[in-house]
Novice: 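The structure under discussion is supplied below as structure tokens; questions concerning it will follow.
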Amino acid sequence: MEKSRLERQMHFLIEIDQMKNVLRQTLLADGSRRESDAEHSWHLAMYAMLLAEYAPEPIDVNRVIQMVLVHDLIEIYAGDTFCYDLKGNQDKAEREEAAADKLYALLPADQAAEYRALWEEFDRMDTADSRFAAALDRLQPILNNYLTKGHTWKLGNVKSAQVYERMAPIKNGLPEAWPIVEWIIKESIEQGFLQP
């Protein structure tokens with residue numbers, strides 16, 4: 001028997017509870033433990049609400065919030081791939097595509113299409129909303145990395161050029177924050193948190 005719309009939605013909501021167990025490499029700002037994908041996504045939604053006034057182009061804040069809330073859902077099945085892990089990133093796109101197929105199939109067709117489209121748009125960074133969302137997704141971890149004395153960078157033996165490359169979306173999506181990024185990188189090198 002076909003599940004009702006509400007049953008499909010409830011099943012999806014129960015399934016995404018697993019996001020609370022997907023741990024990222026980034027520590028919480030106080031350094032006490034690794035942050036979960038769910039905590040990261042919630043924090044980005046708060047960033048979007050608070051920093052929307054700095055978007056360099058008109059954005060739909062509600063859409064940005066939706067985007068950051070769904071952008072890592074696929075990691076329930078694909079896992080969190082450390083952004084500086086060259087080997088792990090080789091098959092990331094394929095793993096995430098398969099995860100998206102599995103996860104969004106749980107929803108009613110209209111919501112599956114809507115949420116998957118938000119996830120795909122986020123990854124493409126080809127709209128004002130997605131550029132702003134991606135900038136937030138880069139800004140939050142660099143702040144936490146600085147506050148935890150480069151914990152994640154030290155794990156991956158990361159060099160400053162890699163951080164500059166990873167942070168590049170901030171230049172377009174949240175340019176007023178770029179001087180903060182540059183200061184964090186410079187200060188982190190000086191403090192020994194990040195390799196030059």
Side-chain angles (χ1 to χ4, degrees), residues 19 22-57 59 61 64-65 67-75 79-89 92 96 119 121-196:
M19 194 179 191
V22 178
L23 297 180
R24 298 167 45 80
Q25 296 300 318
T26 307
L27 296 181
L28 298 180
D30 69 2
S32 63
R33 62 175 173 81
R34 289 167 62 187
E35 111 183 302
S36 75
D37 267 357
E39 291 166 321
H40 170 67
S41 295
W42 161 82
H43 210 184
L44 292 185
M46 293 301 300
Y47 271 60
M49 290 169 53
L50 205 61
L51 301 179
E53 66 190 85
Y54 301 104
E57 330 172 58
I59 59 166
V61 178
V64 171
I65 291 170
M67 203 174 286
V68 298
L69 289 174
V70 303
H71 86 286
D72 276 343
L73 284 175
I74 47 84
E75 292 184 2
D80 177 59
T81 304
F82 181 38
C83 62
Y84 299 108
D85 177 359
L86 297 177
K87 185 177 180 193
N89 278 286
K92 178 184 176 189
E96 290 187 348
W119 168 67
E121 181 182 339
F122 176 89
D123 273 0
R124 287 191 316 267
M125 292 187 273
D126 61 355
T127 64
D129 292 344
S130 62
R131 284 188 289 274
F132 184 68
L136 300 176
D137 187 47
R138 301 308 201 275
L139 182 61
Q140 188 257 357
I142 195 172
L143 291 173
N144 282 29
N145 264 318
Y146 177 71
L147 294 170
T148 59
K149 300 182 177 171
H151 173 267
T152 304
W153 297 325
K154 290 175 183 175
L155 283 179
N157 213 13
V158 176
K159 295 179 177 44
S160 62
Q162 293 171 279
V163 177
Y164 275 113
E165 183 180 341
R166 178 73 182 161
M167 296 302 118
I170 295 173
K171 286 182 187 178
N172 294 324
L174 188 56
E176 286 199 48
W178 187 249
I180 297 168
V181 170
E182 290 185 311
W183 181 86
I184 286 173
I185 293 172
K186 181 179 177 286
E187 188 69 16
S188 295
I189 292 168
E190 289 177 9
Q191 297 291 326
F193 304 162
L194 178 64
Q195 294 182 36

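Every value quoted in this text rests on a predicted model; they were computed, and no experiment measured them.
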Novice: So P141 and R24, do their side chains get closer than 4.5 Å, heavy atoms only?
Specialist: yes

Novice: Would you give the length of the straight line joining atom CD1 of I180 to atom CD of E187, rounded to the nearest 0.5 angstrom?
Specialist: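 Rounded to the nearest 0.5 Å, the CD1-CD separation comes to 13.5 Å.
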
Novice: Would you say that more than 12 heavy atoms from the other residues, nucleotides or ligands in this model lie under 6.0 Å from the NZ of K92, or not?
Specialist: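 Atom NZ in K92 is packed in, count exceeds 12.
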
Novice: Evaluate side chain to side chain contact (heavy atoms under 4.5 Å, CB included) for N157 paired with Y84, printing each intermediate quantity in order.
Specialist: CA-CA 9 Å; N157 213 13; Y84 299 108; over 6 Å; no

Novice: Could you go step by step and tell me if N145 and T152 meet the side-chain hydrogen bond (donor to acceptor under 3.5 Å, both in side chains) rule?
Specialist: CA-CA 6 Å; N145 264 318; T152 304; 3.1 Å; yes

Novice: If you compare all heavy atoms of A133 against all heavy atoms of V64, which two are closest, and at what distance to 0.1 Å?
Specialist: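 Shortest heavy-atom separation between A133 and V64 comes out as CB-CG1, 4.1 Å.
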
Novice: side-chain hydrogen bond (donor to acceptor under 3.5 Å, both in side chains) between T127 and D129: does it pass, once the steps are laid out?
Specialist: CA-CA 5 Å; T127 64; D129 292 344; 5.3 Å; no

Novice: Are there more than 12 heavy atoms of other residues, nucleotides or ligands under 6.0 Å from atom NZ of K154?
Specialist: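 Yes, enclosed.
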
Novice: How far apart are the closest heavy atoms of R131 and N172, and which atoms are they?
Specialist: CD-CB, 4.4 Å

Novice: Any donor-acceptor pair under 3.5 Å linking the side-chain atoms of H40 with those of D137?
Specialist: yes

Novice: Tell me, do L139 and L51 make a side-chain contact under 4.5 Å, heavy atoms counted?
Specialist: yes

Novice: Please tell me if the side chains of R138 and R166 come closer than 4.5 Å, counting only heavy atoms from C-beta onward.
Specialist: yes

Novice: Quickly, which of E96, R124, M67 forms a side-chain contact (heavy atoms from CB on, under 4.5 Å) with W119? Name it, please.
Specialist: E96

Novice: What distance separates E121 CD from H71 NE2, expressed to the nearest 0.5 Å?
Specialist: 13.5 Å

Novice: I want to check something: taking the side chain as every heavy atom from C-beta on, are E39 and L28 in contact at a cut-off of under 4.5 Å?
Specialist: yes

Novice: To check you understand the geometry: which heavy-atom pair defines the closest contact between G173 and P56, and what is its length?
Specialist: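 What the structure gives for the nearest pair is O-CD, 3.3 Å.
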
Novice: Kindly indicate whether the side chain of W153, heavy atoms from C-beta on, has any atom under 4.5 Å from the side chain of I142.
Specialist: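 In short, these two side chains touch, coming nearer than 4.5 Å.
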
Novice: From W42 CH2 over to M19 CE, what is the distance, rounded to the nearest 0.5 angstrom?
Specialist: 13.5 Å

Novice: Ignoring hydrogens, what is the shortest heavy-atom contact between W183 and Y146? Give both atom names and the distance.
Specialist: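 Here W183 and Y146 meet closest at CH2-OH, 3.4 Å.
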
Novice: Where is the tightest heavy-atom contact between N144 and A29, given as atom of each residue plus distance?
Specialist: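 Looking at all heavy atoms of both residues, the shortest contact is ND2-N, 3.6 Å.
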
Novice: Side chains of R34 and Q25, heavy atoms from C-beta outward: is any pair under 4.5 Å?
Specialist: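 Contact flag for R34/Q25 side chains = yes.
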
Novice: How many angstroms lie between CG in L27 and CG in L155, if you round to the nearest 0.5 Å?
Specialist: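 Answer for the CG-CG pair, L27 versus L155, is 7.5 Å.
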
Novice: Drop me the distance from I59's CD1 to I65's CD1, to the nearest 0.5 angstrom.
Specialist: 9.0 Å

Novice: More than 12 non-hydrogen atoms from neighbouring residues, nucleotides or ligands closer than 6.0 Å to CD on E165, yes or no?
Specialist: no

Novice: Measure the spacing between CG of L143 and OH of Y47 and express it to the nearest 0.5 Å.
Specialist: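 OH of Y47 is found 4.5 Å from CG of L143.
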
Novice: Looking at every heavy atom in both V158 and L194, which two are closest together, and how far apart are they?
Specialist: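 Looks like O-CD1, 3.4 Å.
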
Novice: Assign the ring pair Y164 / W178 to parallel, tilted or perpendicular, where the plane angle (0 to 90°) is split at 30° and 60°.
Specialist: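 Tilted, since the angle between the ring planes falls between 30° and 60°.
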
